[in-house]
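Following: one structure in structure tokens, then a few remarks.
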Amino acid sequence: MEMPTLPRRIVIAGGGTSGWMAAAAIARTLGPVAEVTLVESDAIGTVGVGESTIPPLVAYNRLLGIGEAEFMKATQATFKLGIMFENWKDVGERYFHSFGGTGKDHWSAGFQHFWMHGKTQGHTEPYDDYCLELKAAEAGKFAHLPDDRINYAYQLDSSLYGAFLRTMAETDGCKRVEGRIAHVELDGVTGDIAALLLDGGRRIEGDLFIDCTGFRALLIEGALHAGYDDWSHWLPCDGAVAIQTASVRPPVPYTRAIAHEAGWQWRIPLQHRAGNGIVYCSRYMDRDAALERLLGTIEGKTLTEPNFISFKTGARRKQWHRNCIAVGLSGGFMEPLESTSIHLIQRAVLRLLRMLPAGRPSERDIAEFNDQQFTDMEQIRDFLILHYKATERTDSPFWRHCASLEVPDSLEQKIELFRETGRVFRRNEELFAENSWVQVMMGQGIMPQSYHPVAAKLSNDELAYLLASLRDNVARTVAGMPEHYAYVSHYCGVREAKVA
């Protein structure tokens, strides 16, 4: 048996968050086994959103040996315990999608079943009171707890994150080449990508190519024509405007998603500034109106010019085609409603490293990679559609359109199963946990009509004790935690709040 030989020349086309996440992970994992080259042009900007993340990034950084405090200081990051959704169910109403769990599950049924049974027994305390991350976020508090008892992510500056990863990747041997890609050269026999031709004539050969060229998808689509599944009939927003502002108050440990008459707005509080943006559907709001609305609602002095982004929600049909893998926006786009942009980059990079070919890529590996990637994106897609479909808003044509959507069968099954039984089932290492679906469905107004009979097994006294002890434990823990920004300042070496 011959010793497997990895593709020695791995070429990453494009920088930004996706390019440098890929470069850092590959260079650190493979070391001298592979030659990693990243090609980017300083003249080409990045989208610059995706500054709010989800908990798997914590594990990603640990996997690569990245010190958390160092990383957070370099990216001016704050902690994130979830997302506050405002005006989604209806104008003036809000709910919180937190990280982590709520209450205590039984092996046969989630905590929501015991909470529902408690309602029939006269217990009126809200579901929120049983979630540590949610109550800590509302109180503006944070601390690392023993045994990793608190689940969190980060709110970070994505451009600073890219710079941080670039330093790491170059230290581990990645070579950066400055230049604009003028042409993608294909092998005349295999149809694989043979080289990238840059302006000025330089030729960058490779064995395996990673497309991080963003929406342009120069390799996976421009050269290899992998195809694209358009999901805009389910997720109709197609435009965004992003702008950065000076902080006007200490940052809270959560992101805000504020629905408006034709989409929604985000607010992401970092240590040194705030990230703001508006997402809209151009059929119901034009670009000028979106900018006017954004400028009329932001807080603090603007630090950047507006960044206008046009997009079409969907997924590349083949995320891996021939000897090219799409990572980041070149593989598809999900609006940043649930902060999944960086996660999808991370997921693709780690999956590629697990399935890295020995020599020429196996068609079985490629098929498996594509199936897993597409499944990830479909499941995230369904979770995002839920926010639009399950609404009681009738105040604008956009929301009436969303409420009338014909949703995928997979989402219809999840909604109706929960409505009828209170149950949520996850499939194929699905990203969003049972508690995420429960919080969003109940937050959007979908309440179960029944619950698991195991919940009725408890006597009234046992149920009362269980619910009270869970609530008290959450309340005591939150009461003992420091203010979020005080903790961040001490932990990350920031001496004072950057508040205008």
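- What you find for A137 and F96 is that their closest heavy atoms are CB-CZ, 3.4 Å.
- When all heavy atoms are compared, the tightest approach of P251 to H484 is O-ND1, 2.9 Å.
- Considering all non-hydrogen atoms of both residues, A143 and I150 come closest at O-CG2, 3.4 Å.
- Taking NZ from K318 and CZ from F374, the interatomic distance works out to 12.5 Å, rounded to the nearest 0.5 Å.
- Residues G300 and V248 share a closest heavy-atom pair of CA-CG1, 3.4 Å.
- No side-chain N or O of Y60 forms a donor-acceptor pair with one of H343 less than 3.5 Å apart.
- Using the six-membered ring where Trp is involved, F79 and H144 have ring planes that are perpendicular, over 60° apart on the 30 and 60° scheme.
- Here OG of S436 is found 7.5 Å from CG of L431. Values are rounded to the nearest 0.5 Å.
- Relative ring orientation between F111 and F114 is described as parallel, the plane-to-plane angle staying below 30° on a 0-90° scale split at 30° and 60°.
- The CG atom of L350 lies 11.5 Å from the CD1 atom of I345; values are rounded to the nearest 0.5 Å.
- The CG atom of L463 sits 6.0 Å away from the CG atom of L458 when rounded to the nearest 0.5 Å.
- Listed here is the closest heavy atom pair of A290 and I278: O-CD1, 3.6 Å.
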Self-check item: Test side chain to side chain contact (heavy atoms under 4.5 Å, CB included) applied to I54 and E338, step by step
Solution: CA-CA 8 Å; I54 54 178; E338 282 286 355; 5.8 Å; no
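- Using modelled atom types, no side-chain atom of H260 and backbone atom of Q265 make a donor-acceptor pair closer than 3.5 Å.
- Taking the six-membered ring for Trp, F215 and F333 have ring centres closer than 6.0 Å.
- Residues E434 and Q112 have side chains that bring a donor and an acceptor to within less than 3.5 angstrom of each other.
- With H97 as the partner, the ring pair (Phe, Tyr, Trp, His ring centres under 6.0 Å) test is satisfied by one option alone out of F383, W437, Y254, W88: F383.
- Residues K80 and I83 meet the side-chain proximity criterion, which asks for heavy atoms closer than 4.5 Å.
- In this structure, the side chains of L132 and V478 come closer than 4.5 Å at one or more pairs of heavy atoms.
- Looking only at side-chain heavy atoms (C-beta outward), L57 and L156 come within less than 4.5 Å of each other.
- Counting only distance, with no hydrogens or angles, the side chain of T297 and the backbone of L294 share a donor-acceptor pair below 3.5 Å.
- Within the 4.5 Å cutoff, the side chain of I220 has no heavy atoms near those of the W320 side chain.
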Exercise. Evaluate side chain to side chain contact (heavy atoms under 4.5 Å, CB included) for R381 paired with T313, printing each intermediate quantity in order.
Key: CA-CA 9 Å; R381 175 203 70 191; T313 300; 5.8 Å; no
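- Taken to the nearest 0.5 Å, the CG atom of N460 stands 9.5 Å off from the CD atom of E462.
- Every residue two or more places apart in sequence or in another chain that forms a side chain to side chain donor-acceptor pair (under 3.5 Å) with N435 is listed here: T102, Y127.
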Quiz prompt | side chain to side chain contact (heavy atoms under 4.5 Å, CB included) between E40 and R166, intermediate numbers included | solution = CA-CA 12 Å; E40 70 173 341; R166 174 180 172 179; 4.2 Å; yes
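- At distances below 3.5 Å, not a single donor-acceptor pair connects side-chain atoms of W234 with backbone N or O atoms of D382.
- Checking T53, T255, T75 one by one against Q155, the side-chain hydrogen bond (donor to acceptor under 3.5 Å, both in side chains) holds for a single residue, T255.
- By the 4.5 Å heavy-atom criterion applied to side chains, P336 and W264 are counted as neighbours.
- By the 6.0 Å contact criterion, NZ on K141 is enclosed, its count of non-hydrogen atoms from other residues, nucleotides or ligands being greater than 12.
- A donor-acceptor contact shorter than 3.5 Å links the side chain of S330 to the backbone of V327.
- No side-chain donor-acceptor contact under 3.5 Å links H452 to the backbone of H113.
- The shortest distance between side-chain heavy atoms of L467 and H117 does not fall below 4.5 Å.
- With sequence neighbours left out, the salt bridge (charged side-chain N to carboxylate O under 4.0 Å, His left out) criterion links E378 to no other residue.
- Within the structure, side chain to side chain donor-acceptor pair (under 3.5 Å) pairs that include any residue of residues 130-139 comprise D129-K135, Y130-R471, E133-N151, K135-E138 (at least two apart or interchain).
- For F71 and Y161, the ring centers sit closer than 6.0 Å to each other.
- Environment of CD in E429: sparse, with no more than 12 heavy atoms of neighbouring residues, nucleotides or ligands closer than 6.0 Å.
- A donor-acceptor pair is defined here as one N or O able to donate and one able to accept, closer than 3.5 Å; no such pair exists between the side chain of T391 and the backbone of H387.
- Here the closest heavy-atom approach between residue A390 and residue I446 is recorded as CB-CD1, 3.6 Å.
- Looking only at side-chain heavy atoms (C-beta outward), K73 and F164 stay at 4.5 Å or farther from each other.
- In this structure a side-chain-to-backbone donor-acceptor pair under 3.5 Å is present from Y228 to K312.
- Remark: side-chain polar atoms of Q319 are not paired, donor with acceptor, to backbone N or O of G332 under 3.5 angstrom.
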Self-check item: Test log, rule side chain to side chain contact (heavy atoms under 4.5 Å, CB included), inputs T245 and E299
Solution: CA-CA 7 Å; T245 58; E299 301 175 326; 5.9 Å; no
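- With sequence neighbours left out, K414 forms a salt bridge (charged side-chain N to carboxylate O under 4.0 Å, His left out) with E430.
- Taking the salt bridge (charged side-chain N to carboxylate O under 4.0 Å, His left out) definition, one finds that R316 meets it with E221, sequence neighbours left out.
- From L384, atom CG reaches atom CG of L411 across 10.5 Å, with rounding to the nearest 0.5 Å.
- D211 contributes a side-chain N or O that, together with a main-chain N or O of T213, makes up a donor-acceptor pair within less than 3.5 Å.
- Residues Q439 and S98 have side chains that bring a donor and an acceptor to within less than 3.5 angstrom of each other.
- Between L270 and Q244, every side-chain heavy-atom pair lies at or beyond the 4.5 Å cut-off.
- The main-chain N or O of L405 is found under 3.5 Å from a side-chain atom of K389 such that the two form a donor-acceptor pair.
- E420 meets the salt bridge (charged side-chain N to carboxylate O under 4.0 Å, His left out) test with no other residue; sequence neighbours excluded.
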